[in-house]
Amino acid sequence: QVQLVESGGGLVQAGASLRLSCTASERSHSNYAMGWFRQASGKEREFVASISWSGSSTDYADSVKGRFTISRHNAENTVYLQMNSLKLEDTAVYYCAASTGLRGHTVLDASTLESRDFNSWGQGTQVTVSS
């Protein structure tokens, strides 16, 4: 499995911005879909955003649409999550995930990816939004 390392989390005030980064250990990073998920304390992990292997398609949870942007820089084996206008409810541990199976390599429409398609996970980075 590919190794994923997240960075960029921290403590910010509501309304601020943060950019999370996720670097993959493999050069073949550009060949599969990537995603971001989050888990707030006491809650189940939830989908945040995903991007197809080509980068041409993205998908977002309704709760972050218009505020978060996922992007990828394949030459650097890195995926980013730009988070703007952060809210208290965005507080969570954010996980980077890779879909290295067949669907991750072939799906053109990121919205068709499911959580079960993601089979490699990072260790998570904490994002805390204060009032």
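Just so it is clear, the values below take in all heavy atoms, side chains as well, and ignore hydrogens, waters and symmetry mates.
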Would you mind listing the cluster partners of V107? Hydrophobic ones only (ILVMFWY), side-chain contacts under 4.5 Å, chaining allowed.
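Same cluster as V107: F37, F47, V93, Y95, L113, F118, W121.
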Taking the hydrophobic residues Ile, Leu, Val, Met, Phe, Trp and Tyr, and joining any pair whose side-chain heavy atoms are under 4.5 Å apart, which ones share a cluster with V5?
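Via sub-4.5 Å side-chain contacts, V5 links to none.
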With clusters defined by side-chain heavy atoms of hydrophobic residues (ILVMFWY) lying less than 4.5 Å apart, directly or transitively, does Y80 cluster with L86?
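No, L86 and Y80 fall in different hydrophobic clusters.
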So how far is it from [X] [atom1] to [Y] [atom2], rounded to the nearest 0.5 Å?
X: T125; Y: L18; atom1: OG1; atom2: CG; result: 9.0 Å
X: T69; Y: R19; atom1: OG1; atom2: CZ; result: 11.5 Å
X: T128; Y: L11; atom1: OG1; atom2: CG; result: 6.0 Å
X: W36; Y: I51; atom1: CH2; atom2: CD1; result: 12.0 Å

Indicate the atoms forming the closest heavy-atom contact of [X] with [Y], along with that distance.
X: Y94; Y: L20; answer: CB-CD1, 3.5 Å
X: Y60; Y: K65; answer: O-CE, 3.3 Å
X: S17; Y: N84; answer: OG-OD1, 2.9 Å
X: Q123; Y: L4; answer: OE1-O, 3.6 Å
X: V129; Y: L88; answer: O-CD2, 3.3 Å
X: A92; Y: R38; answer: CB-CB, 3.8 Å

Given 3.5 Å as the limit, does a donor-acceptor pair link the side chain of [X] with the main chain of [Y], or not?
X: R72; Y: S52; answer: yes
X: S57; Y: A110; answer: yes
X: E6; Y: C96; answer: yes
X: T78; Y: E76; answer: yes
X: R103; Y: T112; answer: yes

Looking at Q13, I want to see if its CD is surrounded by more than 12 non-hydrogen atoms of other residues, nucleotides or ligands under 6.0 Å.
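No, because the 6.0 Å sphere around CD of Q13 holds 12 heavy atoms or fewer from other groups.
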Looking at Q39, I'd like to know if its CD atom is crowded, meaning that more than 12 non-hydrogen atoms belonging to other residues, nucleotides or ligands lie closer than 6.0 Å.
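Atom CD in Q39 is packed in, count exceeds 12.
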All salt bridge (charged side-chain N to carboxylate O under 4.0 Å, His left out) counterparts of R67, not counting sequence neighbours
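With sequence neighbours excluded, R67 shows a salt bridge (charged side-chain N to carboxylate O under 4.0 Å, His left out) to D90, given in chain and number order.
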For H105 and Y32, take the angle between the two ring planes, folded into 0 to 90°, and tell me which bin it lands in: parallel under 30, tilted 30 to 60, perpendicular over 60.
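It falls in the perpendicular class, over 60°.
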For the pair E89 and S63, evaluate side chain to side chain contact (heavy atoms under 4.5 Å, CB included) and give the outcome as yes or no after the intermediate values.
CA-CA 9 Å; E89 52 264 41; S63 59; over 6 Å; no
